[in-house]
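All values below come from the heavy atoms of this structure, side chains included, with hydrogens, waters and symmetry mates left out. Chain letters run A, B, ... following the sequence lines, proteins first and then strands; every chain starts at 1.
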There are 2 protein chains.
Amino acid sequence: MSGTLHSEAYAEFQRRLREAREAAGLTQTEVAEALGLPQSFVSKSETGERRVDALELARFAGLYERRLDWFIPKLD
Amino acid sequence: MSGTLHSEAYAEFQRRLREAREAAGLTQTEVAEALGLPQSFVSKSETGERRVDALELARFAGLYERRLDWFIPKLD
DNA sequence: CCGCGAATATCCCATTATGGGATATCCCGT
DNA sequence: ACGGGATATCCCATAATGGGATATTCGCGG
């Protein structure tokens, strides 16, 4: 199922991840610091260089104040 | 952040993943077939042998009829 | 246009995770 | 204790990841 990373659904997911961060008025560096991770981690998460697992998404969602569902592209 | 897989939070997450499946009255094999994946995939997801990314969780959640938030252990 | 500093993306590659068919185990009703 | 369904483990070639360092892009003031 790993291959799914480069599907349209993932692309949309990544787009939302970025959109939510920007809407929250945060830079990747700020998010990185808040989570105690390197900036490249945030960048990779948003560009699809790496997968974002369930609990990681939950942390992003918390920071951005969004429900988890908000990030999931509906249908396929 | 990968290391987090063996944290208490993940353990709880995995517990819920299984709980939801059982509550839905499905076996790992049935879920596997529904998702077009091997049974070992479902087993590994529930035992923490592998990470469950955001979109994968969404598929499980769909099958089990649960909100994504339901799977996320609150706090810490 | 040019220059800067901030913001974001890429490199690199040793280390670690993953896929999934096959097989072993576990679990439980009878 | 047996039968068989349900779940866990094996194995290991292949693919993903981490993260500091570095490159690139983006705005914007002058």
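If you measure from atom CG of A/L37 to atom P of D/dG18, you get 9 Å, rounded to the nearest angstrom. Atom CZ of B/F41 and atom P of C/dG21 are 13 Å apart (whole Å). Summarising the geometry, the separation between CG on A/L26 and C1' on C/dA6 is reported as 15 Å, rounded to the nearest angstrom. Residue B/R50 contributes atom CZ, which lies 21 Å from atom P of D/dC12 at whole-angstrom precision. The distance from atom CD of B/E46 to atom C1' of D/dA8 is 11 Å, rounded to the nearest whole Å. C/dT16 atom P lies 16 Å from atom CD of B/E49, rounded to whole Å. B/Q28 places its CD atom 16 Å from the P atom of C/dG20, with the value rounded to the nearest Å. Nucleotide C/dT18 holds its P atom 9 Å from the NZ atom of B/K44, rounded to whole Å.
Looking only at distances, no side-chain donor or acceptor of B/R66 sits under 3.5 Å from a matching main-chain atom of B/F71. Checked by atom type and distance alone, the side chain of B/T47 pairs as donor or acceptor with a backbone atom of B/S43 at under 3.5 Å.
Here the side chain of B/R18 is nearest to one of D/dG20, D/dA8, D/dT7, namely D/dA8. Side-chain proximity of A/T47 to the nucleotides C/dA9, D/dG19, C/dG21 is greatest for C/dA9.
With B/E46 as the fixed residue, the side-chain hydrogen bond (donor to acceptor under 3.5 Å, both in side chains) test singles out one of B/R16, B/R15, B/Q28: B/Q28.
Between B/I72 and A/R59, the closest side-chain pair of non-hydrogen atoms is not below 4.5 Å.
Residue A/R21 places at least one side-chain N or O closer than 4.0 Å to OP1 or OP2 of C/dT8.
Nucleic acid contact class of B/S43 (heavy atoms, under 4.0 Å, all strands): base. Base contact: A/S40 has a heavy atom under 4.0 Å from a base atom.
Closest approach of A/V52 to A/L57, counting heavy atoms only: CG1-N, 3.7 Å.
The base of C/dA7 is not paired with the side chain of A/Q39 by any donor and acceptor separated by under 3.5 Å.
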